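Here the structure comes first, spelled out in structure tokens, and everything after it is commentary.
One-based numbering, in listed order, for ligands and for the atoms of each. This one's a predicted model, so the numbers in the text were calculated from it and none came from an experiment. Residues: numbered from 1 along the sequence shown.
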Amino acid sequence: DTVSLSGKELAAAINADTKQRAAALTASGTAPRLALIVANDDPASAWYVNSLRKAAERLGIACDTIELGADASTERIRDELTARSADSAVDAIMLQTPLPAGVTLDDVSSAIAAGKDVDGVSPLSLGLLASGLDGFVPATSEAVVELLKHHEIQLAGRHVAVVGRSNIVGKPLAQLLLAENATVTICHSRTTDLPAVTSAADIVVAAAGRIGLVTGKHIREGATVIDVGTNEAPDGKIVGDVAAETVRGKAAALSPVPGGVGPVTTALLMRHVVTAAENSRSA
Ligand code: NAD
């Protein structure tokens with residue numbers, strides 16, 4: 001039978017620690033404060049923003065949502081990020097994706113100060129990660145590694161296939177897995193024979209944003225499958241990239257959507273917010 005790799009227990013443990021640290025910051029002056037910058041009208045993004053707001057509230061983290069509109073320009077977004085980076089009342093900044101048509105993350109992310117870049121999206125944060133130096137790591141990638149460790153799935157020496165090469169999930173995840181001594185293959189939309197590549201791996205991470213992309217024929221018997229996908233199905237439900245019914249029985253373990261990577265990602269982001277606040281208070 002396929003084991004379900006829930007993220008709920010791990011998220012709860014992280015959150016318990018974060019809540020205490022947030023309370024200590026509040027007791028000694030001000031609550032940690034996160035600014036969420038949104039420039040889209042995407043339903044999946046709205047769902048994510050709402051879950052972040054609720055998580056922050058539960059943990060004692062103040063949260064401002066700044067809606068710039070789905071037609072915001074590169075300049076407008078950069079100006080907002082620059083202003084929040086300079087604002088000492090703001091500890092942490094998160095820029096939601098998708099961005100407006102014509103605006104790329106690369107055009108704007110360098111305007112986020114590294115000390116407030118809790119989702120590790122700026123070129124500086126990504127460079128620190130690639131160099132093996134300290135900085136904020138993209139929370140989704142970190143969540144995949146933490147979820148695997150929590151469920152005691154060995155990474156050292158094992159072959160992990162990552163499906164997706166974005167700067168916010170696939171690429172940073174590959175770096176983190178390398179740091180755990182895994183052998184990493186990155187697959188993407190131009191990979192010629194995806195099932196051949198992924199079925200050679202011990203662990204497959206699906207992070208493509210395509211409903212049902214990874215099926216039973218993409219994995220080998222006994223593989224571990226991590227589903228990062230957070231896609232809105234036609235019926236409005238949030239579903240992953242893995243066709244779970246075709247993988248169950250063949251995979252040794254599969255992370256569910258929702259309830260797998262998602263809650264751990266949110267918990268790690270909130271932990272980063274508190275860390276950013278602690279760093280700025282002690283500076
Ligand atoms: P993205 O669109 O930026 O990147 C998708 C990647 O998948 C690209 O590198 C592309 O080459 C690859 N890809 C697309 N189609 C493919 C195919 N047919 N075969 C192989 N590779 C293919 O997306 P992203 O921002 O990296 O997000 C990926 C998924 O993860 C989305 O579903 C997103 O919603 C989800 N996500 C989840 C969390 C979470 O906390 N659980 C956080 C962030 C993103």
Side-chain angles (χ1 to χ4, degrees), residues 5-8 10-11 14 36 38 40 42-55 94-99 101 103-109 118-121 126 136-148 161-176 184-199 201 204-215 217-219 225-233 237-244 254-272:
L5 302 176
S6 171
K8 288 179 182 169
L10 173 58
I14 295 168
L36 286 173
V38 184
N40 64 60
D42 180 73
S45 167
W47 177 84
Y48 188 48
V49 167
N50 190 40
S51 73
L52 289 175
R53 291 187 61 86
K54 285 195 281 189
M94 255 194 90
L95 174 64
Q96 282 304 121
T97 54
L99 292 165
V103 180
T104 68
L105 193 57
D106 294 335
D107 293 334
V108 293
S109 61
V118 286
D119 208 11
V121 295
L126 291 168
F136 286 117
V137 168
T140 307
S141 313
E142 190 180 10
V144 171
V145 172
E146 292 303 315
L147 187 65
L148 287 164
V162 177
V163 185
R165 60 170 161 187
S166 73
N167 277 347
I168 52 173
V169 187
K171 271 194 232 169
L173 175 58
Q175 299 289 352
L176 288 174
V184 184
T185 305
I186 308 182
C187 315
H188 46 77
S189 53
R190 304 284 291 273
T191 296
T192 305
D193 188 349
L194 185 65
V197 178
T198 53
S199 55
V204 176
V205 183
R210 300 280 181 277
I211 297 174
L213 175 66
V214 171
T215 67
K217 77 174 164 66
H218 290 79
I219 61 150
V225 183
I226 302 293
D227 194 351
V228 177
T230 315
N231 313 297
E232 204 199 17
K237 284 196 182 131
I238 299 295
V239 297
D241 287 358
V242 177
L254 168 66
S255 72
V257 176
V261 173
V264 181
T265 300
T266 303
L268 289 171
L269 264 173
M270 296 301 149
R271 173 194 270 175
H272 293 177

Under 4.0 Å from any heavy atom of [X], which atoms of ligand 1 are there?
X	answer
Arg165	6 (C), 8 (C), 9 (O), 11 (O)
Thr140	38 (C), 39 (C), 40 (O), 42 (C), 43 (C)
Asn231	32 (O)
Gly209	28 (C), 29 (C), 31 (C), 32 (O)
Val163	20 (C), 21 (N)
Gly164	6 (C), 7 (O), 9 (O), 12 (C)
Ser166	3 (O), 4 (O), 9 (O), 24 (P), 26 (O)
His188	11 (O), 19 (N), 20 (C), 21 (N), 22 (C)

Tell me the contacting part of [X] for ligand 1: side chain, backbone, both, or neither, using a 4.0 Å heavy-atom threshold, strictly below.
X	result
Leu213	side chain
Thr265	side chain
Arg210	side chain
Ile168	side chain

Discussion item. Is it the case that the side chain of Asn231 and the backbone of Gly240 share a donor-acceptor pair, with hydrogens and angles ignored and the cut-off at 3.5 Å?
Written reply: yes

Worksheet entry | Whether Thr191 side chain and Leu194 backbone form a donor-acceptor pair below 3.5 Å | no

Worksheet item: Do ligand 1 and Tyr48 have nitrogen or oxygen atoms that lie under 3.5 Å from each other?
Response: no

Discussion item. Please identify which of these residues, Val242, Val228, Asp227, meets the side chain to side chain contact (heavy atoms under 4.5 Å, CB included) condition with Val205.
Written reply: Val228

Where is the nearest protein heavy atom to [atom]: which residue, which atom, and how far?
atom	answer
atom 11 (O) of ligand 1	Ser189 N, 3.0 Å
atom 5 (C) of ligand 1	Ala208 O, 3.4 Å
atom 33 (C) of ligand 1	Thr230 N, 4.0 Å
atom 44 (C) of ligand 1	Val169 CG2, 4.0 Å

How far does [atom1] of [X] sit from [atom2] of [Y], to the nearest 0.5 angstrom?
X	Y	atom1	atom2	value
Ile238	Tyr48	CD1	OH	12.0 Å
Thr198	Asp193	OG1	CG	8.5 Å
Glu142	Leu176	CD	CG	7.0 Å
Ile14	Leu268	CD1	CG	4.5 Å
Thr265	Glu146	OG1	CD	11.0 Å
Ile211	Thr230	CD1	OG1	11.0 Å

Fill in: Any Ala207 heavy atom less than 4.0 Å from ligand 1
yes

Fill in: Sub-4.0 Å heavy-atom contact, Val228 with ligand 1
yes

Worksheet item: Going through the distances and angles, do Asp106 and Asn167 end up as a side-chain contact (heavy atoms from CB on, under 4.5 Å)?
Response: CA-CA 9 Å; Asp106 294 335; Asn167 277 347; 3.6 Å; yes

Practice prompt. Could you walk me through whether Leu95 and Leu105 pass side-chain contact (heavy atoms from CB on, under 4.5 Å), step by step?
Written response: CA-CA 9 Å; Leu95 174 64; Leu105 193 57; 3.8 Å; yes

Practice prompt. Please examine the side chains of Pro138 and Thr140, heavy atoms only from C-beta on, and report whether any two atoms are closer than 4.5 Å.
Written response: no

